[in-house]
**Q** 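Encoded as structure tokens, here's the structure I'll be asking about.
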Amino acid sequence: MPCRDPMDWDGVDRSMRHGMTMKHFEAALCGILSAVEKYGNDTTLEGRVKMLFDRVDWDEAGVKRKTVEVWWAKHKKEDEERRAREAAEKRKEELKASALSKLTTEERIALGIFR
């Protein structure tokens with residue numbers, strides 16, 4: 001019998017009796033797979049996760065391997081895009097702070113900037 005009923009997707013974002021939501025499990029799975037990619041024994045990132053996936057009893061898990069592989073590829077892309085957005089925002093804030101640091105108090109007041 002699988003760890004979960006694959007047909008039971010009602011309330012997937014509600015907190016379960018153990019206090020975790022599906023979002024928590026997704027974040028945990030991301031962390032685990034990221035660690036496998038980074039610290040596994042295979043020489044390639046994809047090879048490390050493939051080795052792990054090869055060892056999973058997917059029938060016991062109650063989920064199709066392909067479903068997880070597709071999710072993982074999509075999730076990594078979303079993480080990459082998020083990190084790029086965060087880096088761009090950080091750069092923007094650094095540029096703003098640098099520009100503001102060059103203004104005198106009188107210039108800041110004239111511009112309506114009181115920091």
Side-chain angles (χ1 to χ4, degrees):
M1 175 169 213
C3 292
R4 65 151 193 86
D5 180 353
M7 300 307 291
D8 182 21
W9 288 100
D10 290 338
V12 292
D13 283 327
R14 284 195 321 247
S15 184
M16 298 173 197
R17 65 179 132 86
H18 41 64
M20 291 181 67
T21 66
M22 289 302 290
K23 297 249 185 243
H24 290 119
F25 282 108
E26 186 176 288
L29 182 58
C30 174
I32 291 165
L33 294 177
S34 294
V36 168
E37 282 186 345
K38 188 171 182 179
Y39 301 110
N41 293 325
D42 195 281
T43 57
T44 66
L45 300 178
E46 295 78 15
R48 294 173 190 156
V49 171
K50 182 186 178 306
M51 282 179 12
L52 174 67
F53 284 2
D54 287 345
R55 294 179 178 151
V56 172
D57 181 342
W58 295 102
D59 290 331
E60 173 65 20
V63 65
K64 292 182 178 161
R65 176 183 177 150
K66 186 67 177 172
T67 301
V68 178
E69 289 173 334
V70 168
W71 170 83
W72 182 231
K74 180 182 173 192
H75 188 82
K76 287 195 309 183
K77 185 174 190 282
E78 290 169 352
D79 277 351
E80 184 179 315
E81 291 167 353
R82 175 189 47 81
R83 283 190 290 273
R85 282 191 312 273
E86 289 171 351
E89 183 62 31
K90 181 179 179 187
R91 177 70 179 139
K92 181 180 171 182
E93 290 298 319
E94 289 170 348
L95 287 172
K96 183 178 176 181
S98 175
L100 288 174
S101 71
K102 296 172 186 170
L103 297 176
T104 66
T105 302
E106 187 178 18
E107 291 168 329
R108 287 179 185 219
I109 291 170
L111 291 170
I113 304 169
F114 303 106
R115 285 193 237 166

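Along the sequence shown, residues carry numbers from 1.
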**Q** Just do the salt bridge (charged side-chain N to carboxylate O under 4.0 Å, His left out) check on E81 and K77 with the steps written out, would you?
**A** CA-CA 6 Å; E81 291 167 353; K77 185 174 190 282; 2.8 Å; yes
**Q** For residues W58 and L29: do they belong to one hydrophobic cluster (side chain heavy atoms under 4.5 Å, members Ile, Leu, Val, Met, Phe, Trp, Tyr)?
**A**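 Linked, W58 and L29 end up in one cluster.
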**Q** Could you tell me the separation between the OG1 atom of T105 and the CD1 atom of I113, rounded to the nearest 0.5 Å?
**A**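 So the OG1 of T105 and the CD1 of I113 are separated by 11.5 Å.
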**Q** So, do R82 and R85 sit near enough that their side-chain heavy atoms are less than 4.5 Å apart?
**A**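 Yes, close enough: below the 4.5 Å cut-off.
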**Q** What distance separates R65 CZ from D57 CG, expressed to the nearest 0.5 Å?
**A**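 Separation between the atoms: 12.5 Å.
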**Q** Could you walk me through whether K74 and E78 pass side-chain contact (heavy atoms from CB on, under 4.5 Å), step by step?
**A** CA-CA 6 Å; K74 180 182 173 192; E78 290 169 352; 3.0 Å; yes
**Q** Are there more than 12 heavy atoms of other residues, nucleotides or ligands under 6.0 Å from atom CD of E94?
**A**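 Yes, because the 6.0 Å sphere around CD of E94 holds more than 12 heavy atoms from other groups.
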**Q** Quick check on the hydrophobic clustering: are V49 and V56 connected, directly or via other members, by side-chain heavy-atom contacts under 4.5 Å?
**A**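 Cluster IDs for V49 and V56 match.
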**Q** Determine whether E80 and K76 satisfy the following criterion, salt bridge (charged side-chain N to carboxylate O under 4.0 Å, His left out), listing intermediate values before the conclusion.
**A** CA-CA 6 Å; E80 184 179 315; K76 287 195 309 183; over 6 Å; no
**Q** Closest heavy-atom contact between L111 and L103?
**A**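 So the two residues come closest at CD1-CD1, 3.8 Å.
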**Q** Are H75 and V68 packed together at the side-chain level, in the sense that at least one heavy-atom pair is separated by less than 4.5 angstrom?
**A**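 With C-beta onward as the side chain, the pair stays apart.
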**Q** Specify the closest pair of heavy atoms between W71 and E26, including all atoms of both residues, with the distance to one decimal.
**A**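 The answer is CZ2-CG, 3.2 Å.
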**Q** From K96 NZ over to R91 CZ, what is the distance, rounded to the nearest 0.5 angstrom?
**A**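 Here the rounded value is 15.0 Å.
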**Q** Taking side chain as C-beta onward, heavy atoms only, is L52 less than 4.5 Å from R48?
**A**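 Sidechains of R48 and L52: no contact.
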**Q** Distance from D79 atom CG to W72 atom CH2, nearest 0.5 Å?
**A**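 That separation rounds to 7.0 Å.
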